[in-house]
Amino acid sequence: MTGVIKFQNLTLGYDRMPAVQELEAEVREGSLTAIVGPNGAGKSTLLKGVTGAISPLEGGVLIDGFHQDEIAYLPQQSQIDGSFPICVIDLVAMGLWRELGAFGRLTRKMRAKVDAALAAVGLTGFEKRTIGSLSGGQMQRALFARLLLQDARLVLLDEPFAAIDAKTMADLIDVIKRWHSEGRTILAVLHDYATVGTHFPFTMMLARELVAHGPTAQVLTSENQFRARQMCEACAANPHTCGKSAA
């Protein structure tokens with residue numbers, strides 16, 4: 001079955017304050033799409049809307065062809081409590097939650113999958129390290145290993161390259177490209193337009209409203225970037241009247 005994500009006149013927000021407004025767009029299965037825009041553009045909010053973590057104020061998100069357990073979500077690293085007393089192997093093994101259940105133990109076969117995921121992200125030998133002892137790049141590698149084990153058809157990444165070193169970023173881009181080659185659908189919130197232009201074929205630019213969506217070269221124009229900044233500044237100045245008339 002061919003999957004598709006449709007944003008249908010979608011408005012998302014908090015306390016009735018819109019963060020994404022009147023979004024009409026469609027993401028096809030197998031696409032690799034960056035979500036970009038200025039700070040406060042609604043990028044992370046949109047991913048939360050796809051996961052169902054927040055409900056639409058208006059409109060909706062249609063996820064056709066994907067089951068809920070086929071969606072993997074990587075939140076911003078700042079949302080993860082690094083002080084929680086858990087070791088790397090246990091964090092990564094959470095990606096097998098469908099097989100493990102709430103109180104399951106790793107079988108030999110499951111442990112082999114965990115070891116393979118750790119090797120794929122360059123963390124062999126880190127199994128017993130606590131997550132609080134990891135660098136930002138090592139923590140992101142561990143989180144990607146957990147995603148690998150989820151084996152999801154739809155992967156949502158919120159700022160996957162924030163505060164990591166260049167080598168880690170290159171390695172994680174390779175993982176993302178491998179997912180794409182396998183036909184998985186990937187949506188990633190990103191800030192660096194050079195990275196987007198080099199590695200992501202499609203881009204959705206937001207400024208609370210949709211600025212542009214399509215092939216990356218057609219979206220990342222200086223005109224669109226300027227318009228997005230103007231729209232976000234207008235929304236920040238007049239949040240209650242933010243909308244097409246404010247743009």
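In what follows, every heavy atom counts, from backbone to side chain, and hydrogens, waters and symmetry copies are set aside.
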- line: Note: Ala93 and Leu106 closest approach over all heavy atoms is CB-CD2, 4.1 Å
- prompt: Would Asp151 and Arg184 pass as an ion pair if we require N to O under 4.0 Å?
  reply: yes
query: Hey, quick one: are Leu57 and Leu46 part of the same hydrophobic cluster, counting side-chain heavy atoms closer than 4.5 Å, chains of contacts allowed?
result: no
Rounded distance (nearest 0.5 Å) linking atom CG of Leu210 with atom CG of Leu10: 11.0 Å
message: As an exercise, state the distance from CD1 of Ile5 to CZ of Arg28, rounded to the nearest 0.5 Å.
response: 10.5 Å
- prompt: Between the side chain of Thr11 and the main-chain N/O of Glu22, is any donor-acceptor distance below 3.5 Å?
  reply: yes
task: To the nearest 0.5 angstrom, please state how far the CG atom of Leu134 sits from the CZ atom of Arg141.
output: 11.5 Å
- request: Taking Glu233 for its side chain and Met231 for its backbone only, find out whether a donor-acceptor pair lies under 3.5 Å.
  value: no
query: Could Asp115 and Arg111 be called an ion pair, given the rule that one side-chain N must be under 4.0 Å from one carboxylate O?
result: yes
field: Gap between atom CG of Leu148 and atom CG of Leu143 - 0.5 Å precision
entry: 11.5 Å
- request: Grab the two heavy atoms, one from Gly197 and one from Thr216, that are nearest each other, plus how far apart they are.
  value: CA-CG2, 3.9 Å
- request: Indicate yes or no for a side-chain donor-acceptor contact from Glu70 to the backbone of His67 under 3.5 Å, with no hydrogens or angles considered.
  value: yes
query: Between Glu159 and Leu190, does a side chain to side chain contact (heavy atoms under 4.5 Å, CB included) hold up when you go through it step by step?
result: CA-CA 5 Å; Glu159 299 189 21; Leu190 298 170; over 6 Å; no
query: Under 4.5 Å between side-chain heavy atoms, hopping through other hydrophobics if needed: is there a path connecting Leu157 to Phe202?
result: no
field: Between Thr221 and Asn224, a side-chain donor and acceptor under 3.5 Å
entry: yes
message: Whether Arg153 and Glu29 form a salt bridge (side-chain N of Lys/Arg under 4.0 Å from carboxylate O of Asp/Glu) is what I want to check.
response: yes
message: Checking Gln76 against Ser44 for the side chain to side chain donor-acceptor pair (under 3.5 Å) test, could you report, in this order, the C-alpha distance in whole Å, the side-chain angles of both residues, the deciding distance, and whether it holds?
response: CA-CA 9 Å; Gln76 293 180 24; Ser44 297; 2.9 Å; yes
- prompt: Taking the side chain from Gln138 and the backbone from Ser135, do they hold a donor-acceptor pair closer than 3.5 Å?
  reply: yes
field: Side chain Thr51, main chain Lys48, donor-acceptor under 3.5 Å
entry: yes
- request: Rounded to the nearest 0.5 Å, what's the gap from CD1 on Ile176 to CZ on Phe161? Could you check?
  value: 3.5 Å
- request: Return the minimal non-hydrogen interatomic distance between Val92 and Ala117, and the atom names on each side.
  value: CG1-CB, 4.5 Å
query: Counting only N and O atoms by type, is there a donor-acceptor contact under 3.5 Å from the side chain of Lys43 to the main-chain atoms of Leu206?
result: no
query: Backbone N or O of Gly30 within a donor-acceptor pair of the His180 side chain at under 3.5 Å?
result: yes
task: Decide whether Gln140 and Thr168 meet the rule of one side-chain donor and one side-chain acceptor closer than 3.5 Å.
output: no
- prompt: Is it the case that one hydrophobic cluster holds both Val4 and Leu62, taking links as side-chain heavy atoms less than 4.5 Å apart, direct or via other members?
  reply: no
- prompt: Is the backbone N or O of Lys167 less than 3.5 Å from a side-chain atom of Asp165, with the two atoms forming a donor-acceptor pair by type?
  reply: yes
Full working for side chain to side chain contact (heavy atoms under 4.5 Å, CB included) between Met94 and Ile86: CA-CA 11 Å; Met94 289 178 181; Ile86 187 174; 3.3 Å; yes
query: Do the side chain of Thr45 and the main chain of Ala19 share a donor and acceptor less than 3.5 angstrom apart?
result: no
- prompt: Side chains of Gln8 and Glu24: donor-acceptor distance under 3.5 Å anywhere?
  reply: no
query: Got more than 12 heavy atoms from elsewhere within 6.0 Å of CZ, Phe226?
result: no
Main-chain N/O of Thr33 paired to Ser31 side chain as donor or acceptor, under 3.5 Å: no
statement: Distance col, row Ile131:CD1 vs Phe126:CZ, nearest 0.5 angstrom, shows 14.5 Å
- prompt: Under a 4.5 Å side-chain heavy-atom rule over Ile, Leu, Val, Met, Phe, Trp and Tyr, are Leu23 and Val61 clustered together?
  reply: yes
- prompt: Checking side chain to side chain contact (heavy atoms under 4.5 Å, CB included) for the pair Val36/Gln225: CA distance, chi angles, key distance, verdict?
  reply: CA-CA 10 Å; Val36 303; Gln225 293 178 47; over 6 Å; no
